[in-house]
Amino acid sequence: MSSNIVLLVRYIAWILVAALYHLPSFQSMGLDMRMNLSLFLTIYSSSILFILFFHIIFYGLWYIGVVASVAGKKPEIFTIMQNCAVLSIACCVFYSHCGNRATMREKPFDQKIFGWFSSSFWKSEERNTWLAKLIHINELKDQVCSSWFAPVGSASDYPLLSKWVIYGELGCNESCEGQSDGISPIYSLWATFIGLYMANYVVERSTGWALTHPISVEEYENLKKQQLKPDFLDMVPWYSGTSADLFKTVFDLLVSVTLFVGRFDMRMMQAAMSKNQEGTRGDLLYDHFGEKDDLWFDFMADTGDGGNSSYAVARLLAQPSIWLNSGDSEHILPRGDVLLIGGDLAYPNPSAFTYEKRLFCPFEYALQPPHWYKPEHIAVDKPEVPSGVSEMKQYDGPQCFVIPGNHDWFDGLHTFMRYICHKSWLGGWFLPQKKSYFALQLPKGWWVFGLDQALHCDIDVFQFKFFTELIKDKVGENDSVIIMTHEPTWLLDWYWNDVSGKNVSHLVHDYLKGRCKLRMAGDLHHYMRHSSTQSDKPVDVQHLLVNGCGGAFLHPTHVFRNFKTQYGTSYESKAAYPSFEDSSKIALGNILKFRKKNWQFDFIGGIIYFILAFSMFPQCKLDHILKDDSISGHLNSFFITVWHAFLYILEYSSVSSAGTLFLLIAAYLFVPNKLSRKKRAVIGVLHVSAHLASALILMLLLELGVETCIRHQLLATSGYHTLYEWYRKVESEHFPDPTGLRARIEQWTLGLYPACIKYLMSAFDVPEVMAVTRSNICNSGMESLSRGGAIIYYAAVFLYFWVFSTPVVSLVFGSYLYICINWLNMHFDEAFSSLRIANYKAFTRFHITRDGDLEVFTLAVDKVPKEWKLDPEWDEERETKQPHQLSHLRKHPSKWTASVAQQDPLATVRIVDQFVIQHTTTITESELNNS
């Protein structure tokens, strides 16, 4: 991503420089922008060709064995380009201050004047004043140029090089007869830099200097530790117009919806292949926790987005215990014996790369897998308990159970099965799970049902059969059940005014009959808890908990503040993280930060705006705008022209009208379908109108700028290749070539050398090309242009229009998202995925007490660190303790800590919600039937 930003910055710099070198303001300040740019391009292209030729020769010498084997390492092309750029800039700076004077035949006139001025006008006691110092600056500059950076000599001093050098111009006040035979100081400086580069490269690669000066082992280890940083990926750019992952996600989703939904379901295959002596229960029911006196377990969901946020949560989960203060009480929360993950393990799509880099990498840094673990190992006979452990009840390390989310189903659950069901370790958490859904029997009559809703938002008939039989055979009348799903259907059904998960509702209402104490889910990347209110009616579920803060981008909470009922039961909001007020304020980032967070959106946004304004280029009749005397008159004429352009698009345009129609359809479909068609149409039209108006205004501003430059004779004065033609004239004057070196180089390179410089300079003639072609169109009509000429014109216009339009399209689209999320309560996913917020991360820790009550603590970190360093306590413990010790037995199990200690998750974690679910009292059979 950083390389893409660099390319974008270079592109904008190129466009701005091409515009600036046509302006006269720099010349009035003593800086000839055109000369420096031309000189830079000439030296830059020459340097690249020369250095590439040198590397080819040197590499050939290595190939035949003349130089040492160290030379076989090929240089990076970007390093060569960077060195040539620095070299060229240095030569241009020297030329700006010292010129290309080879000899000084007479003391410069301005220096005489300054000498007379300083000696006669100023008294001796005034020589040290600031004005006198300014006068002496020019003398000092001439002295530096003539003494410190003097030419190396004349061509006669170097007979062998006389035909291979560039000469300097004569430095005299009056007309100088003859030509200078002094070597150009610019050439001397360039040759010096090239020679230093070649000498350094030869010494470094041939003699192996670095290999003969090794540092000590201790110094090397310390240096290595200082340089170590985690290789975390950034948050997924959901609005990227250039991301291959996002295009693959869309493709996988289309394939999944058309192929797997209703046709092929991996859950059916799991059910068919899990039959054994105990039916299907052997692969789905895990009861080895049931005999414990108490149990701690954790829940998180929606991890595998940004590495910083995922690791921050994993680091907290991995700690042996967390010390917290809540009010006047202090809590010591041990690490969970079980980690439950509620789906969406990696974004944006399930693949080997995203699972390994976005899921496994942060978890392995937080809690390392055992030393015998091999990433490529496939677990074919799970559970593969560690050596010395005969059954699951004996293993005392943390274990992990996972259900898939909708993103895990985009490839038909293939990656999930490979990395979860066919592997034994997620970092230091043991994975005994064999299928995508499961049941856990916990102490004191508590159960966890992990349901796989796939892309149907519901369980299939095989899951339904398994859980109903389990309830009849195993779940007692006084037991309590926790149902874990990926999607919180209670919130999403309310938001979308829909009904989903009918099989799950049937299971809860007709089979559990009030024994479901808690439903928890992820999918929404925030924390919310709703609890049932006091009522005489039977309650199917007491508490509804959403916690999708495991690492993915943040979702708003204020959109769901009005949720109150589910299947006839009233609920009230008990906790929301972030708060409703904070959530609403965060949405403002769409106006202020949309482009900063989604700069890759520029690629598509700029193209869309250019298509909208395409048919309006060029605007030849702008006199009425420029001739008005008052500001109000200018503005009135300006917006009348914009309105006429809009009418022209509707009546005559083909490209722009087609683009507007396509954008209107896209905007209509983009509005959530929970609204009526009329409202969707109104919102879509307003959205497109804002974009179309912005595109037309930008078009007219660009045309006015070009027209103004033409009228002031800054553009459209010469024609194509004006920079190159101008430079060839100036070059012959200031860089004499009496021996014909340029002609010989042109002949030997078959014209490549001048052609490279010519077309490099033409890249900075884009404004001139645009202005000249525009004038031709306005004078003779579009029909006078050839197809190639039209392509060149519109390409030149696009290069500038794209730069001007990208900030505006991001501002308009970000404002649309802000208005929709805060005023209309829609686009909760689109408006917050754009912000890519890594902060506000949380997980929930549960404790089944000896009395059978369930204590619930939700722990959160408001701000996620962006910089990490090697934890010295982890490193010391790793070196001093047994090297093969399991990581969960260490006091400091996580490899990285925040670079700033005060920002580490262990220092900033806090409790944002805490409550207790009482153990179920004895229920008579009649009460159970009534419920």
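Side chains included, hydrogens not; waters and symmetry mates left out as well; all remaining heavy atoms used.
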May I ask you to test the [X]-[Y] pair for a side-chain heavy-atom distance under 4.5 Å?
| X | Y | answer |
| --- | --- | --- |
| Leu701 | Phe804 | no |
| Ile697 | Phe639 | yes |
| Phe638 | Leu622 | no |
| Thr660 | Leu650 | no |
| Leu692 | Ile649 | yes |
| Ile608 | Val809 | no |
| Phe798 | Ile607 | yes |
| Leu39 | Ile43 | yes |

Between the main-chain N or O of [Y] and the side-chain N or O of [X], is there a donor-acceptor pair closer than 3.5 Å?
| X | Y | answer |
| --- | --- | --- |
| Ser656 | Ser615 | yes |
| Asn636 | Ser632 | no |
| Ser88 | Tyr44 | yes |
| Ser834 | Ala831 | yes |
| Tyr239 | Ser833 | no |
| Ser657 | Ser654 | yes |
| Asn590 | Ser815 | no |
| Thr806 | Val803 | yes |

Minimum heavy-atom distance between [X] and [Y], given as atom pair plus value:
| X | Y | result |
| --- | --- | --- |
| Ala85 | Phe40 | O-CE1, 3.8 Å |
| Asp602 | Arg595 | OD2-NH2, 2.9 Å |
| Ile591 | Leu811 | O-CD1, 3.9 Å |
| Ile586 | Leu835 | O-CD1, 3.5 Å |
| Tyr818 | Ala587 | CD1-O, 3.4 Å |
| Ile821 | Pro556 | CD1-CG, 4.0 Å |

Kindly indicate, with the supporting measurements, whether the criterion salt bridge (charged side-chain N to carboxylate O under 4.0 Å, His left out) is fulfilled by Lys585 and Glu581. CA-CA 6 Å; Lys585 294 177 182 178; Glu581 294 76 15; over 6 Å; no
Rounded to the nearest 0.5 Å, what separation is found between the [atom1] atom of [X] and the [atom2] atom of [Y]?
| X | Y | atom1 | atom2 | answer |
| --- | --- | --- | --- | --- |
| Cys709 | Leu714 | SG | CG | 5.0 Å |
| Asp234 | Arg836 | CG | CZ | 5.0 Å |
| Ile837 | Phe553 | CD1 | CZ | 10.0 Å |
| Phe610 | Met699 | CZ | CE | 11.5 Å |

How about Glu651: does its CD atom have over 12 heavy atoms from other parts shown lying under 6.0 Å from it?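 Yes, the 6.0 Å shell around CD holds more than 12 heavy atoms from other groups.
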Please check if the number of heavy atoms outside Ile631 that lie under 6.0 Å from its CD1 is greater than 12. no
Side chain to side chain contact (heavy atoms under 4.5 Å, CB included) partner of Glu707, chosen from Leu626, Leu702, Leu715: Leu626
Step by step, would you call Trp190 with Ser47 a side-chain hydrogen bond (donor to acceptor under 3.5 Å, both in side chains)? CA-CA 9 Å; Trp190 175 82; Ser47 302; 2.8 Å; yes
Could you go through the side chain to side chain contact (heavy atoms under 4.5 Å, CB included) check for Ile683 and Met826 one step at a time? CA-CA 12 Å; Ile683 294 174; Met826 66 181 196; 3.6 Å; yes
Assess the pair Phe601 and Phe594: is the distance between their ring centroids shorter than 6.0 Å?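 Ring centres of Phe594 and Phe601 closer than 6.0 Å.
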[X]: side-chain contact (heavy atoms from CB on, under 4.5 Å) partners, not counting sequence neighbours:
| X | answer |
| --- | --- |
| Asn776 | Val772 |
| Tyr668 | Arg677, Arg680, Ala681 |
| Thr641 | Gln619, His624, Ile625, Leu700 |

Per-pair distances, 0.1 Å, donor-acceptor, side chain in residues 781-790, under 3.5 Å, sequence neighbours excluded:
| unit_1 | atom_1 | unit_2 | atom_2 | d |
| --- | --- | --- | --- | --- |
| Ser784 | OG | Gly781 | O | 2.6 |
| Ser786 | OG | Gly789 | N | 3.1 |

Which residue pairs pass the ring-ring contact (aromatic ring centres under 6.0 Å, His included) test with at least one member in residues 775-796, sequence neighbours excluded?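 Counting only pairs at least two positions apart or across chains, the ring-ring contact (aromatic ring centres under 6.0 Å, His included) contacts touching residues 775-796 are Phe614-Tyr794.
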Is it true that Ser584 and Asn822 share a donor-acceptor pair across their side chains at a distance under 3.5 Å?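 Yes, side-chain donor-acceptor contact under 3.5 Å.
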Between His827 and Phe832, does a ring-ring contact (aromatic ring centres under 6.0 Å, His included) hold up when you go through it step by step? CA-CA 8 Å; His827 286 315; Phe832 268 64; over 10 Å; no
side-chain hydrogen bond (donor to acceptor under 3.5 Å, both in side chains) partners of residues 691-705, not counting sequence neighbours, each pair once: Tyr609-His691, His687-His691, Glu703-Arg774
